[in-house]
2 protein chains.
Amino acid sequence: MSLRYALLALLNVEPMTGYDLYKQFESSVGYVWHAPDSQIYPELRRMERDGLLEGEEVAWGTKGRKRQYHVTDAGREAFRTWVNTQLDYPRERDPMHLKAAYLEWADPDAARSQLLAHAEHYGARLLQWQQKIQEIDGGTSDMLNRRLATFPSADHSRVAAFKRFTYEGLTARAESEIAWAQRGLALLDELYPEDSSGTAAT
Amino acid sequence: MSLRYALLALLNVEPMTGYDLYKQFESSVGYVWHAPDSQIYPELRRMERDGLLEGEEVAWGTKGRKRQYHVTDAGREAFRTWVNTQLDYPRERDPMHLKAAYLEWADPDAARSQLLAHAEHYGARLLQWQQKIQEIDGGTSDMLNRRLATFPSADHSRVAAFKRFTYEGLTARAESEIAWAQRGLALLDELYPEDSSGTAAT
DNA sequence: GATTTCATGTAAATGGTTACATGATTCG
DNA sequence: CGAATCATGTAACCATTTACATGAAATC
């Protein structure tokens, strides 16, 4: 259900085509919420059917056509309702932590490489999110600047602050996951001292 | 796909019925991986069909019957393969962080109550997970003790250590989420100083 | 002219949620 | 005897993933 609101959030800034939105999901918003094109196009149609968006066929080249969507009043209202409404939290479901609970079944090397991969996964995300924070601070975020243009300047600090706040949360989470993976690697060295391949070779 | 391995993990300790497993998912394992009964029963049937489990009809009372499952060699092998195999990480998809990025659209009070709810949600989980750690440390965890009984005593410290490690990761995450929500509440007070309802009431 | 990017989808499968349905057994 | 718990499912729906499919426009 969040896909709908992620799309509304982007279209609140300016009208876009499905493909424009898809690219956003591959970069900026995609770092918080991902969706593939095969989910975006049908959802846009449904949102139009539900009156949240209006689509307009636009010529593209000589024979090409594309469909540009803009948010309706009902769409803006639905978005405002969403931001004001309490989420319900799904029950816990985390594959890596589930697996970690049974790591005594694993090869020490396989366990090591998975914890390393865990740290690397979140390391990569950490970099992306930190970069986003730098873009916000430096005023070089394209999307944020366009979003700011839709707000009176008195609200600009808020808009930027909440965006920064979001990425701060994600970086904190990434750091916590990395620290956890590293504690896991240390634990493996402790529990299987005979072969500490990769960690303290020689 | 992880449901299958969560079930194998539990059945590795001892044979159980669907209902036994369901109860585990409501308490112990449920704090790491949740599944409703309507997902458990059909999955057990599929696992039996795939040769990972064997089910046996057991009498229960005079007319009642129940189906007790135990893991086959193929099942143990599949589980071992799973713990040794690298997960692939899903793309980012986090409703609360998505919403946080657009909190300038929210009522300050609605924003506050949602961040408060976020902190409370993870606060409740934090307590559960910390309790699990205490059970592990105190040797009072029923499930862990039965699991330990299936391992030679040389391996006991490992089994307990990995279980503890899992919950440590989850508590760290919960703490990070709580800290984030609190930073958010402070931010709201900063951005909307006029009404700081609830936070610093006289 | 070939490759990349722009553009828009459909189809099948997977994994999960919510609601419904039923009946036996045990416990107080 | 009534309530809680034990026991096992089905059905409909929703969100998401992966794979397939097509073609125009822009760029090199």
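Note that the coordinates shown come from a computational prediction; the quantities given were computed from them, not determined experimentally. Residue numbers start from 1 in every chain, and the chains themselves are labelled A, B, ... in the order their sequence lines are given, proteins ahead of strands.
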Work out how much the helix from C/dG1-D/dC28 to C/dG28-D/dC1 bends between its end axes, five pairs an end, to the nearest 10 degrees.
30°
Tell me, do A/Lys132 and A/Leu170 make a side-chain contact under 4.5 Å, heavy atoms counted?
no
Would you indicate, yes or no, if C/dC6 has its OP1 or OP2 atom less than 4.0 angstrom from a side-chain nitrogen or oxygen of A/Lys23?
yes
Side chain of B/Arg45: nearest nucleotide among D/dC6, D/dG9, C/dC6?
D/dG9
Do the side-chain N or O atoms of B/Trp60 get closer than 4.0 angstrom to the phosphate oxygens (OP1, OP2) of D/dA7?
yes
Could you tell me the separation between the CD atom of B/Gln39 and the P atom of D/dT10, rounded to a whole number of Å?
14 Å
I'd like to know if B/Lys66 pairs up with B/Asp20 as an ion pair, taking the criterion as any Lys NZ or Arg NE/NH1/NH2 lying under 4.0 Å from an Asp or Glu carboxylate oxygen.
no
Check for me whether B/Arg65 meets the cation-pi criterion with B/Trp60, that is, NZ or CZ under 6.0 Å from the six-membered ring centre and within 45 degrees of the ring axis.
no
Below 4.0 Å: OP1/OP2 of C/dT25 and any side-chain N or O of B/Thr62:
yes
B/Ser38 near the nucleic acid: base, sugar-phosphate alone, or nothing, with a heavy-atom cut-off under 4.0 Å?
base
Grab the CG-P distance between A/Asp94 and C/dG16 for me, whole Å please.
12 Å
Does A/Phe25 have its ring centroid less than 6.0 Å away from the ring centroid of A/Tyr22?
no
Length of the OH-P vector between B/Tyr89 and D/dT17, whole Å:
17 Å
How are the rings of B/His97 and B/Trp180 set relative to one another: parallel (under 30°), tilted (30 to 60°) or perpendicular (over 60°)?
parallel
Among the nucleotides D/dA7, C/dG15, C/dT8, which one has an atom lying closest to any side-chain atom of B/Met1?
C/dG15
Looking at A/Phe162 versus A/Phe165, is the centre-to-centre ring distance below 6.0 Å?
no
Quick one: on DNA chain C, does A/Arg65 or A/Pro42 contact a more 5' nucleotide (nearest heavy atom)?
A/Arg65
More 5' along DNA chain D: B/Tyr69 or A/Leu3, using each one's nearest nucleotide?
B/Tyr69
Rounded off to whole Å, could you give me the CG-to-C1' distance for the A/Asp50 and D/dC14 pair?
14 Å
5'-most by nearest nucleotide on DNA chain D - A/His34 or B/Asp20:
B/Asp20
Rounded distance in Å - CD (B/Glu56) to P (D/dT8)
13 Å
List for me each residue that meets side-chain hydrogen bond (donor to acceptor under 3.5 Å, both in side chains) alongside A/Arg45, sequence neighbours excluded, and say none if there are none.
none
Output the rounded distance in Å from CD (A/Gln68) to P (C/dA7).
9 Å
Below 4.0 angstrom from OP1 or OP2 of C/dT17, is there any side-chain N or O of A/Arg93?
yes
Rounded to whole Å, OH of B/Tyr22 lies from C1' of D/dA4 at a distance of 13 Å
B/Tyr19 side chain N/O closer than 4.0 Å to the phosphate oxygens (OP1, OP2) of D/dA7?
no
What's the CD-C1' distance between A/Glu57 and C/dG9, to the nearest Å?
13 Å
Touch check for A/Asp37, heavy atoms < 4.0 angstrom, all strands: base, sugar-phosphate only, or nothing?
base
Do B/Arg80 and A/Asp107 meet the salt-bridge criterion of a basic N to acidic O distance under 4.0 Å?
no
So does A/Tyr41 get a side-chain nitrogen or oxygen closer than 4.0 Å to the phosphate oxygens (OP1/OP2) of C/dG9?
no
